[in-house]
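Values below: every heavy atom of this structure, side chains too, minus hydrogens, waters and symmetry copies. Numbers here are sequence positions counted from 1.
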Amino acid sequence: MRFRQVHLDFHTSEAIPGIGQAFSKSQFQSMLRSGHVDSVTVFSKCHHGWAYHPSDANEIHPGLSFDLLGEMIEAAHEIGVKTPVYLSAGLDEKLARRHPEWLIRDAEDRTRWVKDFMTPGYHEFCLNTPYLDILLAQIHEAVSRYEADGIFLDIVGVRKCRCQYCVAALRAAGRDPRDEAAVIALGEQTYLNYARRVRETIDAVKPGLPVYHNNGHQQRGRRDLVQVNSHLELESLPTGGWGYDHFPLSARYAQTLGMEFLGMTGKFHTSWGEFGGYKHPNALRFEAALSLAHGARCSIGDQLHPSGWMDEATYALIGAAYSEVEAKEEWCSGVTSVADIAVLSLEAAREASPGGQARRGERNLADAGAVRILTEGHYLYDIVDTFSDFTAYKVLVLPDEVPVWPELADAIGSFTAGGGKVLATGRSGLNPEGDAFALNLGISSLGANPYRPSYFKPHFTPGALLSASYVMYGEGQLVELLEGQSLGHLENPYFNRDVFTFCSHQHTPGAQEDNGPGMVESSSGIYIAWDVFSEYADAGHLILKEMVLHALSRLLPLPSLRTNLPARGITTLQYQQAEQRYVHHLLYAAPALKGRIEVIEDIVPLRDISVSLRLPSSDPVHRVYLAPSMTELPFTVSSGGGITYTIPYLENHQIAVVELV
């Protein structure tokens with residue numbers, strides 16, 4: 001897999017004439033060179049349903065008079081650029097109007113994406129209909145006629161469908177189409193059948209050709225859905241609604257799966273489908289570096305003009321980022337994550353929990369809040385699922401709502417028996433029924449606190465804050481201390497806010513009474529009685545982060561990495577086994593919210609960033625240097641075997657390489 005990909009969208013209406021009339025081989029090649037691009041996804045078929053080449057399995061776009069796909073592949077290959085080929089699998093607007101009976105339908109017979117045919121937009125196909133055979137023929141044609149370097153299939157995934165084909169299939173199997181669980185099960189069967197048949201179709205022509213099925217989100221805990229892909233392309237456009245916290249969450253999970261993956265952002269000011277929108281070059285520089293820091297390669301989305309002329313401003317913009325990526329690739333391939341902390345994803349836990357599948361798609365801010373706090377605290381962490389080996393980590397975080405059933409309790413018990421520590425918050429650690437703790441956290445459950453909000457009075461100094469009673473807006477839990485110590489207590493308000501009992505503008509003050517422990521440390525770890533991660537993701541109340549950081553300082557007194565980066569700074573540690581070296585990434589940029597869009601423009605340089613590392617390897621350190629400049633860094637070795645060094649200058653992204661003897 002290449003490092004510097006462009007995903008070249010080309011969704012082009014049949015109402016536009018002169019498709020590709022300005023395409024120039026030399027200009028196409030010039031723009032790829034200008035953008036430092038080494039792989040470009042080119043189109044066989046778009047969402048409108050048209051082919052961009054002569055086709056027997058489809059119809060060539062009515063405004064196109066030549067083989068645009070073939071000429072793009074030839075031009076790219078001539079200069080050493082790979083060409084994965086794109087086909088819109090889930091959308092085909094041309095065919096949707098000819099065969100509306102093949103579209104996904106909900107219980108009220110509405111279509112998906114747009115609900116009817118009087119609204120501009122696309123309609124998604126059900127892959128349990130004759131449409132699948134047409135799609136497979138289109139894939140077979142693209143693979144057999146063209147030198148594709150991979151296949152990218154878009155708008156696919158597990159779907160709920162009640163089209164007449166799915167209704168008939170359910171009834172034939174003795175299932176009720178009104179049964180939501182039966183509909184979901186058929187959706188899973190339909191998707192896995194589609195993925196299997198795609199693989200068979202491609203392998204019949206080019207065995208092992210890379211394939212990616214894009215659903216826009218890689219569901220944590222569904223390794224069966226991951227494994228239908230040869231690699232992953234994590235769609236995460238910060239300005240398109242994902243935000244800058246999204247990619248680290250996806251990537252910290254993806255890297256644990258042992259597959260190569262790309263981080264996919266866009267050159268757009270907003271998102272896909274935008275013409276004439278451009279990010280500041282610093283934004284793309286940061287986003288590309290963010291991928292490298294998390295073990296990913298890079299993909300930047302663009303959209304080709306119907307004329308076929310490549311936009312020069314776009315490739316100058318992309319080139320500013322990819323020229324830096326090109327210089328750093330040597331230190332970014334074949335890497336594995338180094339982490340002290342495992343965060344058991346709430347999404348993954350719900351998936352694995354008995355009966356938890358019913359909560360798919362429910363609001364989940366806990367995972368994002370955990371990523372934000374651990375990133376701001378500069379801890380090394382992975383996002384894991386229940387298939388992961390917890391014993392590879394020192395601390396296991398159960399964020400906010402993770403239920404614990406017997407098999408999971410056994411796995412966590414083995415982890416703590418080996419010296420691992422648990423940080424559980426809110427309802428995490430309770431059994432699936434929610435009426436008792438399934439883990440030994442030194443407490444028993446007394447149920448949910450009827451008062452909301454409530455208050456937390458820490459028995460420690462919470463970072464930059466002082467001793468006070470801090471409001472906790474979310475639901476809290478009442479617990480009884482059985483063993484260990486309280487690190488802070490719960491205080492209830494005088495009363496809940498009601499029409500006859502209210503006080504002040506927002507909520508009632510605390511009655512300043514100790515109503516039981518709110519944060520408990522026991523032999524197995526620390527428990528916090530509120531949904532601190534979800535609340536932090538939602539509102540960013542500083543005390544929530546300080547509670548978690550204090551807990552981690554006790555559970556992990558000797559972390560593998562310490563640094564004085566500002567909170568918005570990002571740091572990761574990767575290991576290159578083949579080269580026997582650790583690669584330390586540091587990034588710093590401060591996105592600003594402009595209206596509804598998070599924007600990066602100015603990147604403020606930082607100087608003299610101190611770093612302390614405690615490496616898992618016992619081999620002595622031979623040298624430390626900056627990459628790609630190859631500037632040697634002085635370092636000192638502590639009596640405990642750790643090393644310290646100072647990064648003299650950080651502008652956007654800096655790599656420090658620690659080579660072992």
Between atom [atom1] of [X] and atom [atom2] of [Y], what is the distance when rounded to the nearest 0.5 Å?
X    : Y    : atom1 : atom2 : answer
E233 : S299 : CD    : OG    : 5.5 Å
L290 : T265 : CG    : OG1   : 9.0 Å
I139 : I134 : CD1   : CD1   : 12.0 Å
T190 : Y194 : OG1   : OH    : 12.5 Å
H61  : F43  : NE2   : CZ    : 12.0 Å
M1   : S39  : CE    : OG    : 9.0 Å

S345: which of D367, N364, T386 passes side-chain hydrogen bond (donor to acceptor under 3.5 Å, both in side chains): D367
Looking only at atom types and distance, does a side-chain atom of [X] sit under 3.5 Å from a main-chain N or O of [Y], one as donor and one as acceptor?
X    : Y    : result
T256 : Y253 : yes
D149 : T83  : yes
N214 : G216 : yes

Trace of the side chain to side chain donor-acceptor pair (under 3.5 Å) decision for E274 with H269: CA-CA 8 Å; E274 177 183 73; H269 173 63; 5.9 Å; no
Taking the six-membered ring for Trp and the full ring for Phe, Tyr or His, determine whether the centres of [X] and [Y] are under 6.0 Å apart.
X    : Y    : result
W272 : H7   : yes
H48  : Y122 : yes
F66  : H53  : no
Y536 : F533 : no
H11  : Y86  : yes

Could you tell me whether [X] and [Y] have a side-chain N and a carboxylate O separated by less than 4.0 Å?
X    : Y    : value
D106 : K160 : no
R220 : E351 : no
E475 : R452 : no
D56  : R145 : yes
E401 : R363 : no
R223 : D385 : yes
R159 : E188 : no

Sub-4.5 Å side-chain heavy-atom contact between V343 and V371: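 They are not in side-chain contact.
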Any side-chain heavy-atom pair of P130 and E101 under 4.5 Å: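 No; the side chains remain at least 4.5 Å from each other.
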All side chain to side chain donor-acceptor pair (under 3.5 Å) counterparts of K594, not counting sequence neighbours: E601
Over-ring placement of K267 relative to Y278, 6.0 Å and 45° cut-offs: yes
K94 to W50 six-membered ring, cation-pi geometry met (6.0 Å, 45°):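 Relative to the ring axis of W50, which defines the angle, K94 lies inside both limits.
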Candidate pair S55 and E141, rule side chain to side chain donor-acceptor pair (under 3.5 Å), full reasoning: CA-CA 8 Å; S55 176; E141 181 178 77; 2.6 Å; yes
Ring geometry between F275 and H305 (parallel below 30°, tilted from 30 to 60°, perpendicular above 60°): perpendicular
Steps toward side chain to side chain donor-acceptor pair (under 3.5 Å) verdict (D400, T425): CA-CA 5 Å; D400 293 356; T425 61; 2.7 Å; yes
Verdict with supporting geometry, L69 and D67, side-chain contact (heavy atoms from CB on, under 4.5 Å): CA-CA 6 Å; L69 174 64; D67 187 348; 3.9 Å; yes
